[in-house]
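One structure is given here, and the rest of the page talks about it.
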Protein chains: 4
Amino acid sequence: MNPTDLPVPHKRERRKQDRPGELLDAALDLFVEKGFAATRVEEVAARAGVSKGTLFLYFPSKEDLFKAVVRENVVHPVTQGAGEMAHFKGTSGELLEWMMLQWWHRYGATKASGISKLIMSEATNFPELAAFYRQEVIEPGQALVRTVLQRAIAQGEFRPVDVELALHSVMAPLLFLVMWKHSMGPCCPVSEQIKPEQFITQHAQLLVRGLSLPQTP
Amino acid sequence: MNPTDLPVPHKRERRKQDRPGELLDAALDLFVEKGFAATRVEEVAARAGVSKGTLFLYFPSKEDLFKAVVRENVVHPVTQGAGEMAHFKGTSGELLEWMMLQWWHRYGATKASGISKLIMSEATNFPELAAFYRQEVIEPGQALVRTVLQRAIAQGEFRPVDVELALHSVMAPLLFLVMWKHSMGPCCPVSEQIKPEQFITQHAQLLVRGLSLPQTP
Amino acid sequence: MNPTDLPVPHKRERRKQDRPGELLDAALDLFVEKGFAATRVEEVAARAGVSKGTLFLYFPSKEDLFKAVVRENVVHPVTQGAGEMAHFKGTSGELLEWMMLQWWHRYGATKASGISKLIMSEATNFPELAAFYRQEVIEPGQALVRTVLQRAIAQGEFRPVDVELALHSVMAPLLFLVMWKHSMGPCCPVSEQIKPEQFITQHAQLLVRGLSLPQTP
Amino acid sequence: MNPTDLPVPHKRERRKQDRPGELLDAALDLFVEKGFAATRVEEVAARAGVSKGTLFLYFPSKEDLFKAVVRENVVHPVTQGAGEMAHFKGTSGELLEWMMLQWWHRYGATKASGISKLIMSEATNFPELAAFYRQEVIEPGQALVRTVLQRAIAQGEFRPVDVELALHSVMAPLLFLVMWKHSMGPCCPVSEQIKPEQFITQHAQLLVRGLSLPQTP
DNA sequence: GATGAATGAGTATTCATTCAT
DNA sequence: AATGAATGAATACTCATTCAT
């Protein structure tokens, strides 16, 4: 019995259907590592185990492949967590820390986070993609954080700081971590690697402490 | 009368001495904007107002031009301010904020900051340059911040947090600002631009508050 | 009915296998005619009936093409004839004449002899090729001639001349003929062309007569 | 007193007047070594101790420089010796050997002999120069040898061989020696160098013996 | 005359894209 | 659908030639 109740395709068939996915995976790796221009489509095809010609069967051009890679891997990590967030029990400060760690585990630590590096690196060459990314990823993320901060301020948990600026104090370290991971990170000796969870945890706690009202004993 | 009392070089001579600088300027702009691979040497030459051949008179290859651009523009903004730092009057918290703002004015806000974006984007293609950048820019900056944090903790001004992690809470927003400025920034509507000084100021104050010992009334 | 009983390859396949050979042929012609530097790869490709890009599919660089041309066309005309030589019936003098004519027919008169001109012309630019040629062509040829001369002397057929010098009296005219054919030859009016077989025949006879012991009546 | 009775120019002046000569010398060396296309005018100028611009003051183009090099160095070695030849005492055989050795000492052994190699190598690229060379060098040389051979035959000293073919038996080894010296020679270990005078001497003697009538005791 | 900085036409080489099989 | 041979536009780099100083 097949526990998922899904039809099991023949191996051959499945592979065929996965072709675009395998190509996108290979392309993600290479685009992140080398950038758009320095990546050769032949290398992408080779890594996906198909011929150059096959790639063009699925993607009409290198640029289209690039756009597909971005659109495919741009997930909505914070938004996905939005539902769970509703059930979160704890202070706003704890929520903020939890959100940042969630973002790291769901996105920052995954291969998909290479997209952020890619977008940053190629933004001026692909402004539409940059705009797309802002709209689909940055804005929703900011909206979520904004809500948390505004509520915390309204509830007297946080001081009435400039929320739009505080937003960036939350997101900058996350984007920084991702950029670092995909650029300088591979060049650093192991001993000097940044430890993401620990950094996020301490950063969140510093921020929360900085945002909190002074304790009135 | 020549007011500067300096010998006036002939037009040809003066231009000759200026060539490398003009080319490096043009190349910085284009490399930052389009990345290494997508920048054509002819375009660099044209922007510097010379022909393709002239560029190769001063730089033996495109890669050498790239390296020269990096080495030329990698300044040591924090280190430069190290002397003045010694005379700073104020708390460690004020010093930290002052340092971050100085860094922005001396480097982040200038064209040279494009180097940081460039390095991050091309790090995996030019690992030697990435290592060079870490050694010449990141490390000295971190050392400076480390000193300040350690002293503040020793003096009982800051809580005994993990200094290596706190370092990144200081530097991440700065590098983030620079990346943003050279990537997403140009794609954003004016209304949504990040205001660097205000962000840095608030971020510094949040951090300092988060690092400070609780007030003992 | 396929008279050869061989599978008939598709047009594309057949052409593919022929490509390297066609390119080498075209390159031989042009390199011999114009030298290495003055030959454009595009011209080679055009003469082989393919595009510039195709050439680089088979040879990674112009220099590699050049080396392949040399290695491909360096045949061992004298050595090839070594087997037949064993069965030769006649005097050493007749053998010498026969060898020289054989060399001409098997090599000197063919397109491949352009290689000798090429090597001589480009020897200082490609010393490895010159060494290769000496080792693969010159040395074996000299060895063969040396053997014949030494045996003839040992058998009292030839006078005891300096064999190493006599070697060159045999080979110089042959190499001269080849050089001439590919350089001055095409510039000469037909009436002044050197007639290779006649020249070789007379030269061989002069040499043999010069080498022979005086007739003892 | 100046023994030559020529005005002694100032050093500066003399150098100026020698400029073309120094350039031609430098160019000869380089053209012979690398061929026409692979020789850079800048290198020629540098070797002559002047700037690239100065070269073009004296020679309107690289091709003109090449032609000047050829015309300047094409001497008439055999013809020059023609006068002395008239006073030669000895047999035709001795004369032939003497002529060949003279040619070597006056031309083959000198730097100017590089011209022969150059002409052979570049003949198809510069047919006018090849024709010029044939007319100015080859033909007169052949004419001289032809005269000697014809006379020797007429006088019953030599057998009535085909003079036009015998010509080449005289000249081929000489041209071969020159080609070798400037191409394969530099690539050969010292132990395998051809010794020109000894080779010429033995070759001449073989030829003369081959040409001579059988001794009638 | 002499210089050497500047030029730009020319060439090797790369690589996205096409298409016959 | 899949292949990979073929293409040719694009681009880094060279070098003979010019010309202002």
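Just so it is clear, the values below take in all heavy atoms, side chains as well, and ignore hydrogens, waters and symmetry mates.
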Review point. Counting side-chain heavy atoms from C-beta on, which of dA16(E), dT7(E), dT18(F) comes nearest to Phe56(D)?
Key: dT18(F)

Review point. Quick one: do Glu43(B) and Lys34(B) make a salt bridge, cutoff under 4.0 Å?
Key: yes

Review point. Donor-acceptor pair, His182(B) side chain versus Gly114(B) backbone, under 3.5 Å?
Key: yes

Point to revise | Rounded distance (Å) that lies between atom C1' of dA16(E) and atom CZ of Phe31(A) | key: 11 Å

Exercise for review: Evaluate the side-chain contact (heavy atoms from CB on, under 4.5 Å) criterion for residues Tyr58(C) and Leu23(C): first the C-alpha distance (whole Å), next the side-chain angles of each, then the deciding distance (0.1 Å), finally the verdict.
Suggested key: CA-CA 9 Å; Tyr58(C) 296 96; Leu23(C) 284 163; 4.0 Å; yes

Practice item. Map Lys52(C) and Lys52(B) onto DNA chain E by nearest heavy atom, then report which one ends up closer to the 5' terminus. Key: Lys52(B)

**Study point:** Carboxylate-amine/guanidinium proximity below 4.0 Å for Lys67(A) and Glu128(A)
**Key:** yes

Exercise for review: Please determine if Arg71(D) and Glu136(D) form a salt bridge, counting it only when a charged side-chain N lies under 4.0 Å from a carboxylate O.
Suggested key: no

Exercise for review: Measure from the side-chain N and O atoms of Lys52(A) to the backbone N and O of Val41(A), and report whether any donor-acceptor pair falls under 3.5 Å.
Suggested key: no

Exercise for review: Nearest whole angstrom, please: distance from the C1' of dT3(F) to the CG of Leu55(A).
Suggested key: 13 Å

Check your understanding: Tell me, which of residues 59-69 of chain D have any heavy atom that sits under 4.0 Å from an atom in DNA chain F?
Key -> Ser61(D), Lys62(D)

Practice item. Measure the acute angle between the ring planes of Phe66(D) and Phe31(D), then classify it against the limits of 30° and 60° as parallel, tilted or perpendicular. Key: perpendicular

Check your understanding: Between atom CG in Leu23(A) and atom P in dA2(F), what is the gap in whole Å?
Key -> 10 Å

Practice item. Look at the side chain of Asn73(B) and the backbone N and O of Val69(B), then say whether any donor-acceptor pair between them is shorter than 3.5 Å. Key: yes

Practice item. Would you please confirm or rule out a distance under 4.0 Å between OP1 or OP2 of dT7(E) and any side-chain N or O of Thr54(B)? Key: yes

**Study point:** Gly53(B) vs Gly53(C), nearer the 5' end of DNA chain F by closest nucleotide
**Key:** Gly53(C)

Check your understanding: Taking both distances under 3.5 Å as the test for a Watson-Crick or G-U pair, what stems of at least three pairs does DNA chain E have?
Key -> E:2-21 with F:2-21

Check your understanding: Quick one, which residues of residues 34-41 of chain B touch DNA chain F with a heavy atom under 4.0 Å?
Key -> Thr39(B), Arg40(B), Val41(B)

Check your understanding: At their closest point, which heavy atom of Val44(A) faces which heavy atom of Leu65(A), and how far apart are they?
Key -> CG1-CD2, 4.2 Å

Point to revise | Inter-residue atom distance Thr54(A).OG1 - Glu22(A).CD, 0.5 Å rounding | key: 11.5 Å

Point to revise | Distance (rounded to the nearest 0.5 Å) between Ser183(A) OG and Asn125(B) CG | key: 11.5 Å

Check your understanding: Rounded to whole angstroms, how far apart are CG on Leu57(D) and C1' on dT3(E)?
Key -> 10 Å

Review point. Taking only side-chain nitrogens and oxygens of Tyr58(D), does any of them come within less than 4.0 Å of OP1 or OP2 of dA2(E)?
Key: yes

Practice item. Measure from CD on Glu42(B) to P on dG8(E) and round the result to the nearest Å. Key: 10 Å

